[in-house]
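Both ligands and their constituent atoms are indexed starting at 1 by order of listing.
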Amino acid sequence: MTDDQWFREAVVYQIYPRSFQDTDGDGIGDVPGIIDRLDYLHTLGIDVLWLSPIYRSPQDDNGYDISDYEDVDPTFGSLADVDRLIEQAHAPGIRIVMDLVVNHTSDEHPWFVESRSSRDNPKRDWYWWRPARHGHEAGTPGAEPTNWQASFSGPAWELDETTGEYYLHLFSRKQPDLNWENPQVREAVYAMMRWWLDRGVDGFRMDVINMISKHVGPDGSLQDGRPIAGTVLGDGTPFYICGPRIHEFLQEMHREVFDGRSQKYLTVGEMPMVTVEEALLFTDPARHEVDMVFQFEHVDLDHGEHKWDRKPLDLRDLKASFGRWQEDLADIGWNSLYWNNHDQPRAVSRFGSDAPEHRVASAKLLGSVLHLHRGTPYVYQGEELGMTNVPFAGPQDFQDIESVNYYRTAIEAGADPEWVLHNLRLGSRDNARSPMQWDASANAGFTTGTPWARVNPNYPEINAEAAVADDASVFHHYRRLIELRRSEPAVAHGHFTMLAPEHRTLYAFMRTFEGTELLVLANFSADELAVTGDDVPRLDRWSGADLLLGNLADDPSSVVEPLRPWEARILRRTT
Ligand code: TEU
């Protein structure tokens, strides 16, 4: 491994600053709060911190709508705070990665304010402006330039009265899409990125970066998508996911921003709907695009027709998906590994069990399985405590724009409110955004004020202070997993082989590296599970293996005896 590939041995921790630690009593987390918790993060052992956006923003989408890329939102602190964070994180060797949200800006960004001011403004072409559909009067139903649905419900076009034209917003109407076809836009983005690197940050997590290239016809036209059942809208994704110039843009970004610098920065592309074939191109080091992508296949497996149509996960689907990504990126390219982030419900409630008797074991099991795959693991704040979904009482408890818009449109369309609420409880992004649970004091030690989002009432039991004090906690299991990555080269570098793909509750795989074999056995159920020679070929060879790390209080008497409910074992033998 060259120094350029340091990220292959690293573990990244994601902070959602709004919900991490408040220091000024306004009920919203801030950068000084992150600084205060660096010791905690250092104890956990992580290498990199990725911060969700802290830039100046009207907060329509909690900071993913940016009005000034080169300033910090006063809610979160100041540039001086960020400088201090960089310095104090770097001291023990923790790198800082910023969120880069450049598919769109806020509608309050000066670029958009100018762009919307008149049809001949020099920045007009920095965004996607189009007249009403031919033969339709602007503002009438169906007059949108294309039928695309926005990610947060409703049409992806908004009429702007100033000039009578529509602008494109793949997310909220306060998040207009930048026009990457325009070289001035690209240069402005690259200049901003260089500015942050000069300030000392160590890389970027690039928000929906595979949406920046749109399919544009020779005459500048955009096309309608396939109609979406039950709506008047269509699916525009084929026209903007991994569009025709995406690889060109990322290679140009690499040249303009990262080339020639002495440090190797981390670049992660968040890419909804990316296929493994595309990911291979994006992450092939020889192509100089990104180090790894966030893919969504495994977190979409419990969706039916769409995200709000939830179904239980079939473990065989999960293994088939992860197995394929492991195999196809084995020789070229690299995986990122995650269960959680600020957009996903809590993994322990979703893929494990948050019942009191299984929560700790299943949270540890999920950690063991994920961290033992080949790739760079991401830990989302609170995951290392086994934080759970939030018990939302009713529709008024949801704050996220996606959830609020979904509730409104679904009810307007006549859906049963109980069913809509059920889907929100399972799928809302608000589940991930409840405040970090630090201790058993008021508001879980998150704030002395009124928290912007409700603290999960289970905080007296599930909190960082209790977890750090308890050697058998989820926290210490994560700490050991991170340590294992350093002490056992097979974890970062071993070849991956999936086992028992058709088993409904056993997740088993092997990692092999220079005479070392690791076997991971995980029981995704509350029943005892006997592993057989059909599941793991030549199982007898493992009877004398070492138990590197288990997840239950007492070790098994033999490493191949039946797995107890939600038990996960990491075994090691030398060949
Ligand atoms: O998310 C992109 C994205 O497509 C999803 O994760 C999305 O939030 C989810 O699928 C909706 O069901 C990124 C950010 O992570 C997210 O927080 C932002 O809201 C979004 O981009 C827009 O910037």
inquiry  = To the nearest 0.5 Å, what is the distance between CD on Glu248 and CD on Glu289?
reply    =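 Spacing of CD (Glu248) from CD (Glu289) equals 10.5 Å.
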Side chains of [X] and [Y]: is there a donor and an acceptor less than 3.5 Å apart?
X: Asn389; Y: Asp354; answer: no
X: Asp30; Y: Thr23; answer: yes
X: Asp125; Y: Gln184; answer: no

*asked:* If the threshold is 4.0 Å, N to carboxylate O, is there a salt bridge linking Lys307 and Glu402?
replied: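 Counted as a salt bridge, because a side-chain N and a carboxylate O are separated by less than 4.0 Å.
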* Asked: Should the pair Glu165-Arg124 be classified as a salt bridge under the 4.0 Å nitrogen-to-oxygen rule?
  ->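 Salt bridge: yes.
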Under 4.0 Å from any heavy atom of [X], which atoms of ligand 1 are there?
X: His342; value: 14 (C), 15 (O), 16 (C), 17 (O)
X: Phe296; value: 6 (O)
X: Phe152; value: 19 (O)
X: His104; value: 22 (C), 23 (O)
X: Asp343; value: 1 (O), 5 (C), 6 (O), 8 (O), 13 (C), 14 (C), 15 (O), 16 (C), 17 (O)

| Contact check, Arg205 vs ligand 1, heavy-atom distance below 4.0 Å |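 Checking ligand 1 against Arg205, which is what was asked, there is a heavy-atom contact under 4.0 Å.
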Return yes when Gln344 approaches ligand 1 closer than 4.0 angstrom through a heavy atom, no otherwise.
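It does not, in that no heavy atom of Gln344 comes within the 4.0 Å cut-off of ligand 1.
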- Message: Per the side-chain hydrogen bond (donor to acceptor under 3.5 Å, both in side chains) rule, what does the pair list look like for residues 415-427, sequence neighbours excluded?
- Response: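 Checked against side-chain hydrogen bond (donor to acceptor under 3.5 Å, both in side chains) - neighbours excluded - the pairs reaching residues 415-427 are Tyr406-Asn423.
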*Using a 4.0 Å heavy-atom threshold (strictly under), name the region of Trp308 that reaches ligand 1: side chain, backbone, both or neither.*
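It is neither part, as no heavy atom is under 4.0 Å.
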query: Should the proximity of Met271 to ligand 1, defined as any heavy atom under 4.0 Å, be assigned to the side chain, the backbone, both, or neither?
result: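 It is neither; nothing of Met271 touches ligand 1.
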_Heavy-atom proximity to atom 2 (C) of ligand 1, best of Val208, Asp99, Asp400_ =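 Looking at heavy atoms only, the winner is Val208.
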Does the gap between the ring centers of Phe171 and Tyr64 come in under 6.0 Å?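 No, the ring centres sit 6.0 Å or more apart.
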Subject >> Within the 6.0 Å centroid threshold, strictly below: Tyr69 and Trp195 >> reply: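 Centroid separation for Tyr69 and Trp195: 6.0 Å or greater.
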Starting from [atom], find the nearest protein heavy-atom neighbour and note its residue, name and distance.
atom: atom 1 (O) of ligand 1; result: Glu270 OE2, 3.2 Å
atom: atom 18 (C) of ligand 1; result: Asp61 OD2, 3.3 Å
atom: atom 13 (C) of ligand 1; result: Asp207 OD1, 2.9 Å
atom: atom 9 (C) of ligand 1; result: Glu402 OE2, 4.0 Å
atom: atom 20 (C) of ligand 1; result: Phe171 CE2, 3.8 Å
atom: atom 7 (C) of ligand 1; result: Arg429 NH1, 4.0 Å
atom: atom 4 (O) of ligand 1; result: Pro272 CG, 3.4 Å

Polar contacts were defined as any N/O atom of the residue lying under 3.5 Å from an N/O atom of the ligand; does this apply to Ser151 and ligand 1?
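No; the residue has no nitrogen or oxygen that sits under 3.5 Å from a nitrogen or oxygen of the ligand.
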Worksheet item: Arg56 and Asp65: salt bridge (charged side-chain N to carboxylate O under 4.0 Å, His left out), yes or no, with the steps?
Response: CA-CA 9 Å; Arg56 225 175 238 282; Asp65 49 314; over 6 Å; no
Checklist entry - Under the side-chain contact (heavy atoms from CB on, under 4.5 Å) test, which residues partner Thr267, sequence neighbours left out? => result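 For Thr267, the residues satisfying side-chain contact (heavy atoms from CB on, under 4.5 Å) (neighbours in sequence not counted) are Met206, Phe258, Val290, Asp291.
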